[in-house]
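What follows is a single structure, written as structure tokens, with notes after it.
Worth saying up front: this structure is predicted, and the values here are computed from it rather than measured. Whatever order the structure lists them in is the order used to number ligands and atoms, beginning at 1.
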Amino acid sequence: MKPYVISNVGITLDGKLATIDNDSRISGEEDLKRVHKIRKEVDGIMVGIGTVLKDNPRLTVHKIEARKEDNPVRIVVDSKLRIPLNARILNKDAKTIVATTKEVDKEKEEKIKKLTEIGVEVIKVGKYKVDLKELMEELYKRGIKKILLEGGGTLNWGMFKENLVDEVRVFIAPKIFGGKDAPTYVDGEGFRTVEECVKLELKNFYRLDDGLVLEFKVKK
Ligand SMILES: NC(=O)C1=CN([C@@H]2O[C@H](COP(=O)(O)OP(=O)(O)OC[C@H]3O[C@@H](n4cnc5c(N)ncnc54)[C@H](OP(=O)(O)O)[C@@H]3O)[C@@H](O)[C@H]2O)C=CC1
Ligand SMILES: Nc1nc(O)c(N)c(N[C@@H]2O[C@H](COP(=O)(O)O)[C@@H](O)[C@H]2O)n1
């Protein structure tokens, strides 16, 4: 069994998540409130270590009224345990799970000890890279039935490639960032053929702020 996964992003018309200098101010205030309403409804929010290192996010419900208990569990996918101990995602506002691999050297063992001491749960799945399918099963076992996947592009690819995403919600801003090295909604190696690609069914769309929200179901 696996959690139901909603992938949400704010992108530009050219599909970028941020500029080449990592400026990711894409959503307007109303769109951020929409995202925080989803955060309040789910059991977990998941990001890759790339997003933690670049954005230092809080990943709590803070754009709409909420109590501490409304904050979902924060999940970071981090094979090499690069997470800084002072990352905001490790603060006391909510529980945090760090998913890493089973390959553990002395340095990693010490970091796991420090993380555990500050109340972080460390889940070990996969050998060299976090095994996302196994991680989903482990999260489900812990009562995490609904997850908001908040990127970035590399983790999004990993999740789509493994067919682990059930729903897609995107805010498209009327902006073009350009840049072949700027992160896009889905990066990674990419599918080679149309047959292999992820197919979506458009369910809803509406204007918000200065852009457009699109909602899709992933065809399974
Ligand atoms: N506009 C928006 O809505 C959003 C924008 N962003 C932007 O996205 C950018 C960050 O994206 P990106 O750099 O791609 O980082 P990600 O957040 O996607 O993290 C990627 C890292 O996750 C780790 N990982 C571990 N296991 C896996 C796996 N099985 N599959 C995929 N990844 C795995 C890898 O590091 P390791 O091997 O070390 O574990 C990998 O490098 C930032 O610029 C951020 O601002 C992010 C979210 C939302
Ligand atoms: N939906 C959305 N729109 C944007 O324009 C964004 N830049 C993001 N970024 C995501 O939100 C995280 C920040 O969360 P906190 O405010 O710190 O709680 C960031 O790391 C991205 O995952 N999302």
(request) Check G44 against I144 and note the closest heavy-atom contact, atom names and distance. (result) N-CG2, 4.1 Å

(message) As a test of understanding, state which of L139, L135, V77 forms a side-chain contact (heavy atoms from CB on, under 4.5 Å) with V125.
(response) L135

(request) Name the closest protein heavy atom to atom 5 (O) of ligand 2, giving the residue it belongs to and the distance to 0.1 Å. (result) S27 N, 2.8 Å

(request) Answer yes or no: is there an ion pair linking K108 with D105, defined by an N-O contact shorter than 4.0 Å? (result) no

(request) Establish, yes or no, whether the cationic atom of K161 lies under 6.0 Å from the six-membered ring centre of F191 and within 45° of the ring axis. (result) no

(message) Does the residue H62 have a heavy-atom contact with ligand 2, meaning some pair of atoms that are separated by less than 4.0 Å?
(response) yes

(message) Just to be sure I read this right, does ligand 1 sit under 4.0 Å from the backbone of P183, its side chain, both, or neither, counting only heavy atoms?
(response) side chain

(request) Kindly identify the option in N22, L53, I26 whose heavy atom sits closest to atom 42 (C) of ligand 1. (result) N22

(message) Measuring from atom 18 (O) of ligand 1, which candidate in L81, L155, L132, T51 has the nearest non-hydrogen atom?
(response) L155

(request) Please determine which of K133, K129, K127 meets the side-chain contact (heavy atoms from CB on, under 4.5 Å) test together with D131. (result) K133

(request) Answer yes or no: is there an ion pair linking K113 with E117, defined by an N-O contact shorter than 4.0 Å? (result) yes

(message) Is the contact between L17 and ligand 2 made by the side chain, the backbone, both, or neither, using heavy atoms and a 4.0 Å cut-off?
(response) neither

(request) May I ask whether D55 has any heavy atom positioned less than 4.0 angstrom from an atom of ligand 1? (result) yes

(message) When you compare ligand 2 with S24, is there at least one nitrogen or oxygen pair between them that comes in under 3.5 angstrom?
(response) yes

(request) Measure the shortest side-chain to side-chain distance between V76 and I89 over non-hydrogen atoms and say whether it is less than 4.5 angstrom. (result) yes

(message) Between K80 and E103, does any NZ, NE, NH1 or NH2 come within less than 4.0 Å of an OD or OE carboxylate oxygen?
(response) no

(message) I need the contact type for R34 against ligand 2. Using non-hydrogen atoms and a strict under-4.0 Å cut-off, is it side chain, backbone, both or neither?
(response) neither

(request) May I ask whether V47 places a heavy atom under 4.0 Å from ligand 1? (result) no

(message) Looking at K2 and D166, is any side-chain nitrogen of the basic one under 4.0 Å from a carboxylate oxygen of the acidic one?
(response) yes

(request) Look at the side chain of K175 and the backbone N and O of D14, then say whether any donor-acceptor pair between them is shorter than 3.5 Å. (result) no

(message) Using a 3.5 Å cut-off on N or O atoms only, is L32 in polar contact with ligand 2?
(response) no

(message) Below the 3.5 angstrom mark, is there an N/O of L59, backbone or side chain, next to an N/O of ligand 2?
(response) yes

(message) Counting only nitrogen or oxygen atoms and a 3.5 angstrom limit, does R58 reach ligand 2?
(response) yes

(message) Is there a polar contact between ligand 1 and R82, counting only N or O atoms under 3.5 Å apart?
(response) yes

(message) Just to be sure I read this right, does ligand 2 sit under 4.0 Å from the backbone of T51, its side chain, both, or neither, counting only heavy atoms?
(response) side chain

(message) Could you check whether E201 pairs with K217 (Lys NZ or Arg NE/NH1/NH2 to Asp/Glu carboxylate O, under 4.0 Å)?
(response) no

(request) If you have a sec, work out which protein heavy atom is nearest atom 23 (N) of ligand 2 and how many Å separate them, to one decimal? (result) E150 OE1, 4.1 Å

(request) Out of T12, T184, D21, L17, indicate the one that has the non-hydrogen atom closest to atom 8 (O) of ligand 1. (result) L17

(request) Please determine if E138 and K141 form a salt bridge, counting it only when a charged side-chain N lies under 4.0 Å from a carboxylate O. (result) yes

(message) Please report whether atom 10 (C) of ligand 2 has a protein non-hydrogen atom at a separation of less than 4.0 Å.
(response) yes

(request) For atom 37 (O) of ligand 1, state which one of K54, K80, E150 supplies the nearest heavy atom. (result) K80

(message) Below 4.0 Å from ligand 2: does a non-hydrogen atom of R39 turn up there or not?
(response) yes

(request) Could you list the atoms of ligand 1 found under 4.0 angstrom from a heavy atom of D78? (result) 39 (O)

(request) Locate the shortest heavy-atom distance separating T19 from A182; write the atom from each residue and the value. (result) C-CB, 4.1 Å

(request) Please confirm whether G50 comes within less than 3.5 Å of ligand 1 when only nitrogen or oxygen atoms on both sides are compared. (result) yes

(message) I need the minimum non-hydrogen distance between R39 and T60, along with the two atoms involved.
(response) NH1-O, 2.7 Å

(message) Check this for me - ligand 2, D55, N or O atoms closer than 3.5 angstrom, yes or no?
(response) yes

(request) Just go through I49, V130, V77 and tell me whose heavy atom is the nearest to atom 29 (N) of ligand 1. (result) V130

(message) Please list the nearest protein heavy atom to atom 13 (C) of ligand 2 with its residue and the distance rounded to 0.1 Å.
(response) P57 CB, 3.7 Å

(message) Testing the basics here: between T51 and P57, what is the closest heavy-atom pair and its distance to 0.1 Å?
(response) O-CD, 3.7 Å

